[in-house]
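To start, the structure under review is shown below, and the notes come after it.
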Amino acid sequence: MIDTAVSTQPTYKAVNLSPRRIPEIQRNPLAFLQHNASEHGDFIHYPLGLWEVFQLNHPDLIEHVLVTNQRNYSKNTVQYNTLAKITGRGLLTSDGRFWRRQRRMIQPAFHRQKVLGWGETMIKYTQNMLGNWEKAAQANQPLDIDEEMMAVTLSIVGQALLGLDLQAVASKLTQAVLVLLDYVVYRSQQIIPLPLTVPTSRHRLVRDGLKQLDKLIDMAIREHHEGRGQPDTILSQMLAAVDRESNEQMTRDELRDEVITLLVAGHETAASGLNWLFYLLSQNPAVEEELVAEIDAVLNGRLPTTDDLTQMPTVQRVIAEALRLYPPAWVITRRAIEADTLLGEAIPANALIIMSPYTMHRHPNFWNKPDAFDPDHFLPTAEKDRPRYAYFPFGGGARLCIGDQFAKVEMGLIVTAVLQQYRLQLLPNHPVVADPLVTIRPKHGMMMTVHRR
Ligand code: HEM
């Protein structure tokens, strides 16, 4: 709910950032962004090395960049250029005409009806995971919930995307994807990164990981062409897609880039969201109790389906609230293509725009008790007074996450099935530290004991 006593108009402030703060940015970028937002306000301008940076922390400013004038803002930034070392020219990192063509061709595979069709796969892999928890529950042995969530979301996206059981087909694949994500973080922290062709041990691992993924994609494409592949996977739809404007199809390399993009974008994000959600519930037993009561009342002991999710508003609100406090994509960057003006201030061409869902989601002018875990933040009465871009865990405008529905359905089914069967408790004294990597991850894992309900 907006606190009407406080002005919600952003004001501009230029800040002289000392170069001595650069190591601090590398050490804890989230704390740096949060510090700037709370100390200097909603519209900050500072130099950072060669860049003119504008850090925006106001819904109107964010809407301007993501929606109103989005064509003037590209993804040609260190954040996305680093990711592109792994994902190539996939949807997440490409721009302009090429991106528009790819989005047109891929969008139908993420139509809500198609996403709902993956419900059974989502439940199947969740049930497999919960079956494996039985032993840990009996021995009271803690599990790293972060790892569990990474594994289950990778299996789900692997099946939906390629029709392959990644755990069975390539047990080393999870490792390969992790190596690649790790590399993205490492590379973004290097002032002058070495090219991947320089034979360091890390680069060798990365090149191996990329090779494994390439092999896997070739195998999936071969199975599809030989009629052995599962029909209606996201890959099979991409293979069949013909762009209605250009009449073109995707090349093998374009497909590879999109598959890697969807594997990377589609699993760690949802896993991170779930990990923090289970942590937050473990710290807020009253919310958990309300949630379990809703799940039990709707399901009455049977497994959840996608239809059930519409009957569970508390589940939806808890997911939204976890993504508010720990938005997996904690920073979104853009580069101004041409000069622009924001609130009458000049934004030069090439300026770097930084928008952080993490800081926006904790802005005290737009959120009542911003640091508290309170799913009532998403009651319709609270939502109706809030500007649209006070909350943007999935971005917005033309570049809105293509997998937002997929993620919401997946998270809904996983949360429901887990809580129906287990109670998760944080291991006493386990240090919980948010680490802003590609997504926000728990620095020391999330060690929890699981107890049968
Ligand atoms: C909780 C889970 C997720 C979160 C928080 C999330 C967040 C985001 C955000 C913030 C963006 C926009 C980035 C920007 O504008 O710079 C984005 C884009 C994207 N996401 Fe997601 N995402 C999630 C799940 C998924 C899933 C499940 C998939 C696919 C299976 C996916 C695939 C993509 C792709 C391909 C893009 C680029 C879209 C484009 O620019 O056309 N994401 N995501």
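In each ligand, atom 1 is the first atom listed, and ligand 1 is the first ligand listed. Because the structure is predicted, anything quoted here is derived from the model rather than measured. Any value given below was found using the heavy atoms of this structure, including those in side chains, with hydrogens, waters and symmetry copies removed.
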Exercise. Quick one: which ligand 1 atoms are inside 4.0 Å of a heavy atom on G403?
Worked result: 26 (C), 27 (C), 28 (C), 31 (C)

Exercise. Polar-atom distance check: T333 versus ligand 1, any N or O pair below 3.5 Å?
Worked result: no

Exercise. How would you list, by chain and number, every residue that makes a ring pair (Phe, Tyr, Trp, His ring centres under 6.0 Å) with F43, sequence neighbours excluded?
Worked result: Y12

Exercise. Going through the distances and angles, do L30 and I440 end up as a side chain to side chain contact (heavy atoms under 4.5 Å, CB included)?
Worked result: CA-CA 9 Å; L30 213 45; I440 307 185; 4.1 Å; yes

Problem set entry | Distance under 6.0 Å and angle within 45° of ring axis: R362 vs Y326 | yes

Exercise. Please, which pairs that meet ring-ring contact (aromatic ring centres under 6.0 Å, His included) have at least one residue in residues 44-86, sequence neighbours excluded?
Worked result: F32-Y46, H45-F54, H58-F366

Exercise. So is K75 close enough to ligand 1, meaning a heavy atom under 4.0 angstrom away?
Worked result: yes

For this session: Compare F394, W330, Y326, W118 and give the one whose heavy atom is closest to atom 1 (C) of ligand 1.
Result: F394

Exercise. Considering G397, A329, G266, which one's heavy-atom position lies nearest to atom 28 (C) of ligand 1?
Worked result: G266

Exercise. Do the two ring centres, one from W367 and one from F378, sit under 6.0 Å apart?
Worked result: yes

For this session: May I ask you to check if ligand 1 and R399 share an N or O to N or O distance below 3.5 Å?
Result: yes

For this session: Report yes or no: does a heavy atom of F392 sit under 4.0 Å from some atom of ligand 1?
Result: no

Exercise. Does W99, backbone or side chain, put an N or O under 3.5 Å from an N or O of ligand 1?
Worked result: yes

Exercise. Which of the atoms of ligand 1 are close to F406, meaning less than 4.0 Å from one of its heavy atoms?
Worked result: 27 (C)

For this session: Please confirm whether R89 makes a cation-pi placement over F98, using NZ or CZ under 6.0 Å from the six-membered ring centre and within 45° of the ring normal.
Result: yes

Exercise. Atom 7 (C) of ligand 1: which of P327, P328, P393, A322 has the nearest heavy atom?
Worked result: P393

Problem set entry | Side-chain donor-acceptor pair present, T121, Q159, cut-off under 3.5 Å | no

